[in-house]
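Here the structure is laid out as structure tokens; the discussion comes afterwards.
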Amino acid sequence: MEPLQSLRGMVDLLPAVTATWQRIEASAREHFRRAGINEIRTPLLEVTELFARGIGEATDVVGKEMYTFLDRGERSCTLRPEGTASVVRAAIQHGLLSQGPQRLWYGGPMFRYERPQAGRQRQFHQIGVELLGVADAESDAEAIAIAWDLLADLELGGLELELNSLGTLDDRARYRAELVAWLEAHREQLDADSQQRITTNPLRVLDSKHPDTQAVLAGAPSLHDALSPESHERFAQVRRGLEALAIPFRLNPRLVRGLDYYGHTAFEITSNQLGAQATVCGGGRYDGLVQQLGGPATPAVGWALGMERLVLLLSQAAAKGAELSQSAAPDLYVISRGEAGAQQALLLCRLARQAGLIAERDASGAAFAKQFKRADRSGAPWAAVLGEEEAAEGVAKLKDLRGEQAERRLPPGEVVALVKQSLAACGRQP
RNA sequence: GCGGGCGUCGCCAAGUGGUUAAGGCAGCGGCUUGUGGCGCCGCUAUUCGGGGGUUCGAGUCCCCUCGCUCGCCCCA
């Protein structure tokens, strides 16, 4: 039989890393709780049209990266490639927006059919925040601050906040025309990809990674100069907001987000330690999206962070020194022999667990020497032995694995009490 | 979709055409028929991702294929 494998780009998270995931999730939850942001959970599967309309038909995500299929009712369904469209759909569907501004967060798997590489999988995980119904520039700063503080708490170094304003739709339309004209005039000096994008997505030419193209682009018209005075002022206000919070940022006039719904504020938090996929968190303002999805005109700002990339950073940090959290050593390791012994061992474990202890039972039936070896390796301070003799007498032999105390034969209840007491004595709270 | 690198036991890993595929960790058994941490002994890949080919002979060379990985594109 050929062993089966997971699908390409679909990754198992083994116990060795789940602790890191939980740490990030717990930290995020706490930050959201303090910020008055509530969790929303939406389905993984949505009608394809939601993403086509929300993200934009012309984007790469919609054009070539979606997991789309027909269900048994011949409806076109898509595994969500991002979270915002679903959250907005849910808010509209349940009338949340008529109850005032909504501060929401979500987390979970997203799906994009791409070639996997470092920090990029086909099923990947995001945690995101959406502030719906807030128009002020300070809300942009607040959203960014929440992401920034959350990441700071994880003690990650080498992070940088990049900031730009995409202006309004009008601003961009005007700029786009100007840029296309300029790009056409310099077409010969651009790399093939960029030439292609003059027609498909001219703004994206700006952050081409091609060095020659970048050099040519130095003379290109800047989006910044094309912003209307109002857009300019709004951007300045966001920056003043961040400055007031002492959050450092770098202006990046080339920062263009790949999803159509962004306007005005756009930002990314990047790491210099991640390789090619350096963006840990990305987001911005999307004032037009709610209406575009059939809801009431509602300004909004939000972001999403990539769990895999965070985990990558955290693992690197751990490799450099600090130990990654491991599963806890048991308080009591129970070894046994024979059916009666195994039963008593199970009973003892259950009693211990009911009392709040971490109890592990050796189920190998191996020689006692082996079981003691495993007891030792488990890191448990105590081992309980249940052989034929103990089982017959209704006691367990309790052995101190780390100290000098003599073995004692005790009924199960007293074993649990004694272990608990010893933990309390050395300051550990079971 | 397009490039580059890689693929030897659960994990790490030697091997660079010559005939029995090192070693370490983990695992299992024993020295120790009911007591661990040390030590010692033994066992664990008819096989080198898979399939073809070259050769007297291939893990080692060639082709195809699958997988992993890094990068491009794009994004979290």
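Predicted, not measured: the structure shown is a model, and the values here were computed from it.
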Does A/Arg120 make a side-chain donor-acceptor contact with the base of B/C74, cut-off 3.5 Å? yes
With distance as the sole criterion, do the side chain of A/Arg309 and the base of B/C75 form a donor-acceptor contact below 3.5 Å? yes
Base paired to B/C28 (Watson-Crick or G-U; both N/O distances under 3.5 angstrom): B/G42
Compare the ring of A/Phe372 with the six-membered ring in the base of B/U35 and state whether they stack (centres under 5.5 Å, planes under 30°). yes
Indicate yes or no: does A/Glu82 engage A/Arg80 in a salt bridge with an N to O separation below 4.0 Å. no
C1' atoms of B/G49 and B/C9, separation to the nearest Å: 14 Å
Take atom C1' in B/U46 and the same atom in B/U8, then report the distance between them in whole Å. 15 Å
Would you kindly give the CG-to-C1' distance between A/Asp191 and B/C72, to the nearest whole Å? 11 Å
Non-neighbouring partners of A/Phe32 that pass ring pair (Phe, Tyr, Trp, His ring centres under 6.0 Å), sequence neighbours left out: A/Trp105
Atom CD of A/Glu114 and atom P of B/C75: how far apart are they, to the nearest Å? 9 Å
Taking any strand in view, what nucleotide pairs with B/U54 in a Watson-Crick or G-U wobble way, both distances under 3.5 Å? none
In whole angstroms, the gap separating C1' of B/U35 from CG of A/Leu398 amounts to 13 Å
Both distances under 3.5 Å, Watson-Crick or G-U wobble: report the partner of B/U35, or none. none
Using atom C1' of each nucleotide, how far apart are B/U60 and B/A14 to the nearest Å? 13 Å
A/Arg8 CZ to B/U65 P: how many Å, rounded? 14 Å
For A/Glu268 and A/Glu390, find the nucleotide of RNA chain B closest to each by heavy atoms; which residue's nucleotide sits nearer the 5' end? A/Glu390
Do side-chain atoms of A/Gln371 reach the backbone of A/Ala366 as a donor and acceptor pair under 3.5 angstrom? yes
Using whole Å, what does the distance between atom C1' of nucleotide B/C74 and atom CE of A/Met66 come to? 15 Å
Can A/Arg250 and A/Glu160 be counted as an ion pair, charged N to O under 4.0 angstrom? yes
Using the C1' atom in both, what is the distance from B/G52 to B/U44, to the nearest Å? 32 Å
Which value, in whole Å, describes the distance between the C1' atoms of nucleotides B/C38 and B/U32? 14 Å
With a non-hydrogen cut-off below 4.0 angstrom, is A/Ala304 in contact with a base, only sugar-phosphate, or nothing? sugar-phosphate
What's the CZ-C1' distance between A/Arg122 and B/A76, to the nearest Å? 17 Å
A/Arg29/A/Glu25 salt bridge by N-O under 4.0 Å criterion: no
Going by atom types only, do A/Arg8 and A/Gln5 share a side-chain donor-acceptor pair under 3.5 Å? no
Within the modelled atom types, does a donor on one side and an acceptor on the other bring the side chain of A/Gln117 and the base of B/C75 under 3.5 Å apart? no
Round to a whole Å and report the spacing from CD of A/Gln277 to C1' of B/C72. 10 Å
Classify A/Ile335 by what it touches in the nucleic acid, base, sugar-phosphate, or nothing, heavy-atom distance under 4.0 Å. nothing
Once each nucleotide of nucleotides 2-8 of chain B is scored for protein heavy atoms under 4.0 Å, what B/S/- sequence comes out, 5' to 3'? BB-----
Rounded to the Å, how far apart are A/Asp60 CG and B/C72 P? 14 Å
Atom pairs and distances, side-chain donor-acceptor, residues 51-66 of chain A, under 3.5 Å, sequence neighbours left out:
unit_1  : atom_1 : unit_2   : atom_2 : d
A/Arg53 : NH1    : A/Glu49  : OE2    : 3.1
A/Arg53 : NH2    : A/Gln292 : O      : 3.4
A/Thr59 : OG1    : A/Gly56  : O      : 2.8
A/Thr59 : OG1    : A/Val62  : N      : 3.3
A/Asp60 : OD2    : A/Lys64  : NZ     : 3.4

Residue matched to B/C74 through Watson-Crick or wobble contacts both under 3.5 angstrom: none
Does a side-chain N-to-carboxylate-O contact under 4.0 Å join A/Asp362 and A/Lys373? no
N/O-N/O pairs, protein side and nucleotides 24-33 of chain B side, under 3.5 Å:
unit_1 : atom_1 : unit_2   : atom_2 : d
B/G27  : OP1    : A/Arg377 : NH1    : 3.1
B/G27  : OP2    : A/Arg377 : NH1    : 2.8
B/C28  : OP1    : A/Arg374 : NH1    : 2.5

Do the side chains of A/Lys420 and A/Glu414 get close enough for a salt bridge, i.e. N-O under 4.0 angstrom? no
Watson-Crick or G-U wobble partner for B/A13, using a 3.5 Å limit on both distances? none
Only pairs under 3.5 Å count here: list side-chain donor-acceptor contacts from residues 390-398 of chain A, not counting sequence neighbours, and write none if there are none.
unit_1   : atom_1 : unit_2   : atom_2 : d
A/Glu390 : OE1    : A/Gly387 : N      : 2.9
A/Glu393 : OE1    : A/Arg409 : NH2    : 3.3
A/Glu393 : OE2    : A/Arg409 : NH2    : 2.7

Looking at every strand, decide which applies to A/Gly275 at a 4.0 Å heavy-atom threshold: base, sugar-phosphate, or nothing. sugar-phosphate
For B/A26 versus B/G39, give the span between their P atoms, rounded off to a whole number of Å. 10 Å
I'd like to know if A/Glu407 reaches the base of B/U35 with its side chain such that a donor and an acceptor end up less than 3.5 angstrom apart. yes
Base, sugar-phosphate, or nothing: which does A/Val385 touch, judged by heavy atoms less than 4.0 Å apart? base
For A/Gln371, which contact category applies under a 4.0 Å heavy-atom criterion: base, sugar-phosphate, or nothing? nothing
Less than 3.5 Å apart, any donor N or O on the side chain of A/Thr270 or A/Thr279 sitting next to an acceptor on the other? no
Distance between the P atoms of B/A58 and B/G18, in whole angstroms? 12 Å
Going by the rule side chain to side chain donor-acceptor pair (under 3.5 Å), which residues pair with A/Gln117 if we only count those two or more places apart in sequence or in a different chain? A/Arg120
Any strand is fair game: report the nucleotide pairing with B/C68 by Watson-Crick or G-U wobble, both distances under 3.5 Å, or none. B/G5
When the P atoms of B/G36 and B/A21 are considered, how many whole Å apart are they? 37 Å
